[in-house]
Amino acid sequence: MATEQLRAQLAAIAHELGAGDVAVVLETPRNPEHGDVASNLALVLAKRLRRNPRQLGEEIAARIDLAATGLESAEIAGPGFINFRLAGASLQSQVTGILAADRGYGRSQTGAGRRVLVEFVSANPTGPLHVAHGRGAALGDGIAALLEWTGHAVAREFYVNDAGVQIDRLAESLEARWRQQRGEAASIPEGGYHGDYLIDLARVVDADLGPELATLASEARRRTLRDYAVERLRQEQDADLREFGVHFDSYFSESELYAAGLLTETRQELRTRGLTYEQEGAVWLRTAAFGDDKDRVLVKSDGTFTYFLPDIAYHRDKARRGFDHAINVWGADHHGYVPRMKAALAALGLPDFLDVEIVQMVRIMRGGVEAKFSKRAGDFVTLRELFEETGRDVARYFFLMRRGDTQMLFDLDLALDQSEKNPVYKVQYAHARMMSIFRKGGVGADAVVATAAELARLTHELERDLIKQLTLFPGVVERAAEARAPHVVCDYLEQTAGMVNSWYHAGNPNRNPALAVLAQDPATRSARLALARATRVVLRNGLELLGLSAPERMQREDSE
RNA sequence: GCGCCCGUAGCUCAGUUGGACAGAGCGGCGGCCUUCUAAGCCGCGGGUCACAGGUUCGAAUCCUGUCGGGCGCGCCA
């Protein structure tokens, strides 16, 4: 790639000028007058070398071997930017590169050799998944995909909190519903679960195990109900996620930690390392020595563990399983928990092992008012209700198109709009348009190729702009992976789709038929088909990276 | 009280390892349909980047403070 050669040359020149190692930043200026590629290298070096930036820019520009990097010109502008113009041929040759890479276009090996565990959703098995879980699911899956695209070995994991107080409340709540179902007076315990879904479950469990339950002693009955509820609700969550298009490589349950003796083992290790102490009958961990506000309790004075200990044991286990790095996608209500978790891992000698991505809350707006309640689930809207109404692609995209760490408004009216106002359809439609051209032209989408001589026909400004845009894709993926930010990809795809549409519509028979992809002239036609395919490759790869479909044709559902 | 996130166009949001006039989508206004699918396209208007200081050749971006919104601060999970 021409830009990579340029980058290398600039880095070398920086060395020659005595500036040492510099991360050369190349960007595509918004203003076309500023060329195809621009670098602020002179500005960066000016500071370091205490020299006039423009003068330095001239000096750098003079040292560049234009021909060797496929450049037409380099000029100094503004405070000291160096603006480069690509030679036409090098731009056109990018198309060939994209077609050759095809499904691999956008992939890189930046993260090769790194094993990363991405843990997300990890909802308690106490009820249906709600929209915030959906956002976490989309984001976790998107982050995992970005890491895969940059060469990391990624595993997706769901942590099941199937032991502990909340599960006891679940069992008690189900028992109350079951008794109500049998005509007995019973009420949901404090801190229990009030949603209608437990009424449904009570009916099912009664049909399933009713007679048996009636004969059991209360202890055994509650255990039976607990296991039943956890299993059923887990299955329901799995089904929701599967239909949402999110798949996990592994599930790790809290009860496994107990069974494998990892809690006592972890506690032992912490003690051996001199990290714990007893005070007021409880066992404390010295997290304050590792960046936390204060020390935290591991074992309560009544002898039971806090939630903290299993979490430490779990994360310690992640490292023991051979992962170099762990990324957790957590809800905003857990952000205060991050420092102590990191502190605990630092105490175990894993200071940079964990990164936590916080997912903020989602508000659903319909007709200008906030939709809050679900009949079945009680005080929240379920993920399933959402994606059954909008469709999977739309729901996923809407969750992904915003930064995860800020609160978002989910505009249901826009989500249900099937025109190109809806950003999802705008991108998908741009892809479908390219596919429709191939159908019309009678060529296989994946078979299109063009010679360099033919590609030389791509001289129109819209074509040049589009090619430049397509060449940005790999960099966008890398940047998005680095920032764990799928929305960067969404922004890019929307922008690309806009440019695709401009190009496509410019060739409308009523506007300028000479610009149609399926032009009369065979060479031009071949070149434009190749560009159309390169476009399709980028849009498809981007959509699939985000876990969305890249449709061959768009079908509108008739509005009811 | 302390900590974290946030405050950018009428609305929803990008841009925040400092850089060229602050961007997109939606909404608004004005054009354009016997279509390589108008589910659209082209153009126009719209902002004291919450506020006040500071650092810098240069600040939406960094620092300090103020105001406003959200969340978290348990021997809960």
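Throughout, protein chains are lettered first and strands after them, A, B, ... in sequence-line order, and every chain is numbered starting at 1. Keep in mind that what you see is a predicted model, and the values were worked out from it rather than measured.
For R403(A), counting side-chain heavy atoms from C-beta on, the closest listed nucleotide (G15(B), C41(B), C4(B)) is G15(B). For S301(A), counting side-chain heavy atoms from C-beta on, the closest listed nucleotide (C75(B), G40(B), G70(B)) is C75(B). Of the candidates C4(B), G40(B), A20(B), A20(B) carries the atom nearest the A38(A) side chain, counting heavy atoms from C-beta on.
Using a 4.0 Å heavy-atom criterion, one finds that S502(A) contacts the sugar-phosphate atoms exclusively. Note on R439(A): nothing from the nucleic acid sits closer than 4.0 angstrom, heavy atoms only. Counting any heavy atom pair closer than 4.0 Å across all strands shown, D333(A) reaches sugar-phosphate atoms only and no base atom. Using a 4.0 Å heavy-atom criterion, one finds that Y429(A) contacts the bases of the nucleic acid, with or without backbone contacts as well. Note on Q495(A): nothing from the nucleic acid sits closer than 4.0 angstrom, heavy atoms only. Within the nucleic acid shown, D302(A) has no heavy atom closer than 4.0 Å to any nucleic acid atom. Residue contacts for A332(A): at a heavy-atom cut-off of 4.0 Å it reaches the sugar-phosphate backbone alone, with no base atom in range. As judged by a 4.0 angstrom heavy-atom cut-off over every strand, Q428(A) is placed among residues making no nucleic acid contact. At a threshold of 4.0 angstrom between heavy atoms, the contacts of G507(A) include nucleobase atoms, whether or not backbone atoms are also involved.
Between the side chains of T150(A) and E478(A), not a single donor N or O lies within less than 3.5 Å of an accepting N or O.
F81(A) does not qualify as a stacking partner of the G19(B) base, lacking a centre-to-centre distance under 5.5 Å together with planes within 30°.
Within 6.0 Å of the CG atom in D302(A), the count of heavy atoms belonging to other residues, nucleotides or ligands exceeds 12. Remark: R439(A) CZ is packed, more than 12 non-hydrogen atoms of other residues, nucleotides or ligands lying under 6.0 Å away.
The pair D292(A)-K342(A) does not meet the salt-bridge criterion, since no charged nitrogen lies less than 4.0 angstrom from a carboxylate oxygen. Between E463(A) and R457(A) there is no salt bridge, since no side-chain N of the basic residue sits under 4.0 Å from a carboxylate O of the acidic one. At a threshold of 4.0 Å, the pair R479(A)-E482(A) does not count as salt-bridged, since none of the basic side-chain nitrogens sits closer than that to a carboxylate oxygen. Electrostatic pairing of R366(A) and D411(A) does not count as a salt bridge here, judged by no charged N lying under 4.0 Å from a carboxylate O.
For the pair K426(A) and G40(B), the criterion of a side-chain N or O lying under 4.0 Å from OP1 or OP2 is not met. In this model, the phosphate group of G15(B) is approached by a side-chain N or O of H487(A) to a distance below 4.0 Å at OP1 or OP2. For A14(B), the OP1/OP2 oxygens have a side-chain nitrogen or oxygen of T406(A) closer than 4.0 Å. For the pair T306(A) and A77(B), the criterion of a side-chain N or O lying under 4.0 Å from OP1 or OP2 is not met. Of the side-chain N and O atoms in N501(A), none sit less than 4.0 angstrom from OP1 or OP2 of G40(B).
Computed from coordinates, the W503(A) CH2 to G40(B) C1' distance equals 17 Å when rounded to whole Å. Counting to the nearest Å, the C1' atom of A77(B) and the OH atom of Y193(A) are 9 Å from each other. When the P atom of C26(B) is taken as reference, atom CZ of F410(A) falls 17 Å away, rounded to whole Å. Atom pair L414(A):CG and C26(B):P shows a separation of 9 Å (rounding to whole Å applied). The nearest whole Å value for the distance from the NZ atom in K294(A) to the C1' atom in G72(B) is 12 Å. Computed from coordinates, the Y337(A) OH to G74(B) P distance equals 13 Å when rounded to whole Å. Look at OH on Y492(A): it is 17 Å from P on G15(B), rounded to the nearest Å. The distance from atom CG of L43(A) to atom P of G19(B) is 11 Å, rounded to the nearest whole Å.
Ring geometry for H133(A) versus H130(A): interplanar angle of 30 to 60°, hence tilted. Note: F410(A) and F398(A) have tilted aromatic rings, judged against thresholds of 30 and 60 degrees for the angle between ring planes.
In this model, no side-chain donor or acceptor of N124(A) finds a partner on the base of A77(B) within 3.5 Å. A donor N or O paired with an acceptor N or O is found under 3.5 Å between the base of C75(B) and the side-chain atoms of E280(A).
Only the C1' atoms considered, G18(B) is 13 Å distant from C63(B), to the nearest whole Å. G54(B) and C13(B) have their C1' atoms separated by 30 Å, given to the nearest Å. Taking atom P in both G27(B) and A20(B), one finds a spacing of 30 Å when rounded to whole Å. Annotation: G19(B) and G3(B) have their C1' atoms spaced 33 Å apart (nearest Å). Taking the P atoms as reference points, A22(B) lies 13 Å from G46(B), given to the whole Å. Distance check on atom C1': G53(B) versus C67(B) gives 15 Å, rounded to whole Å. Look at the P atom in both C2(B) and U64(B): the space between them is 14 Å, to the nearest Å. To the nearest whole angstrom, the two P atoms, one in C51(B) and one in G40(B), are 36 Å apart.
Judged by Watson-Crick or G-U wobble contacts below 3.5 Å, the nucleotide C29(B) has G43(B) as its partner. Of all nucleotides present, only G7(B) satisfies the Watson-Crick or G-U wobble test against C67(B), with each distance under 3.5 Å. Base pairing analysis places G18(B) opposite nothing; no Watson-Crick or G-U wobble pair with both distances below 3.5 Å involves it. Of all nucleotides present, none satisfies the Watson-Crick or G-U wobble test against U34(B) with each distance under 3.5 Å. Taking a pair to require two hydrogen-bonding distances under 3.5 Å in either a Watson-Crick or a G-U wobble arrangement, C62(B) pairs with G54(B). Using Watson-Crick or G-U wobble geometry with both donor-acceptor distances under 3.5 Å, C2(B) finds its partner in G72(B).
Aromatic pair F252(A)/F158(A): ring centres not closer than 6.0 Å.
Each of H334(A) and E494(A) lies near RNA chain B, and the nucleotide nearest E494(A) is the one positioned closer to the 5' end. Comparing R296(A) and Y504(A) against RNA chain B, the residue whose closest nucleotide sits nearer the 5' end is Y504(A).
When all heavy atoms of A123(A) and L129(A) are compared, the closest pair comes out as CB-CD2, 3.5 Å.
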Base-contact (B) and sugar-phosphate-only (S) positions in nucleotides 7-12 of chain B, heavy-atom cut-off under 4.0 Å, - elsewhere: -----B
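Stacking of R392(A) on the aromatic ring of Y397(A) is not recorded, the 6.0 Å distance cut-off and the 45° axial limit not both being met.
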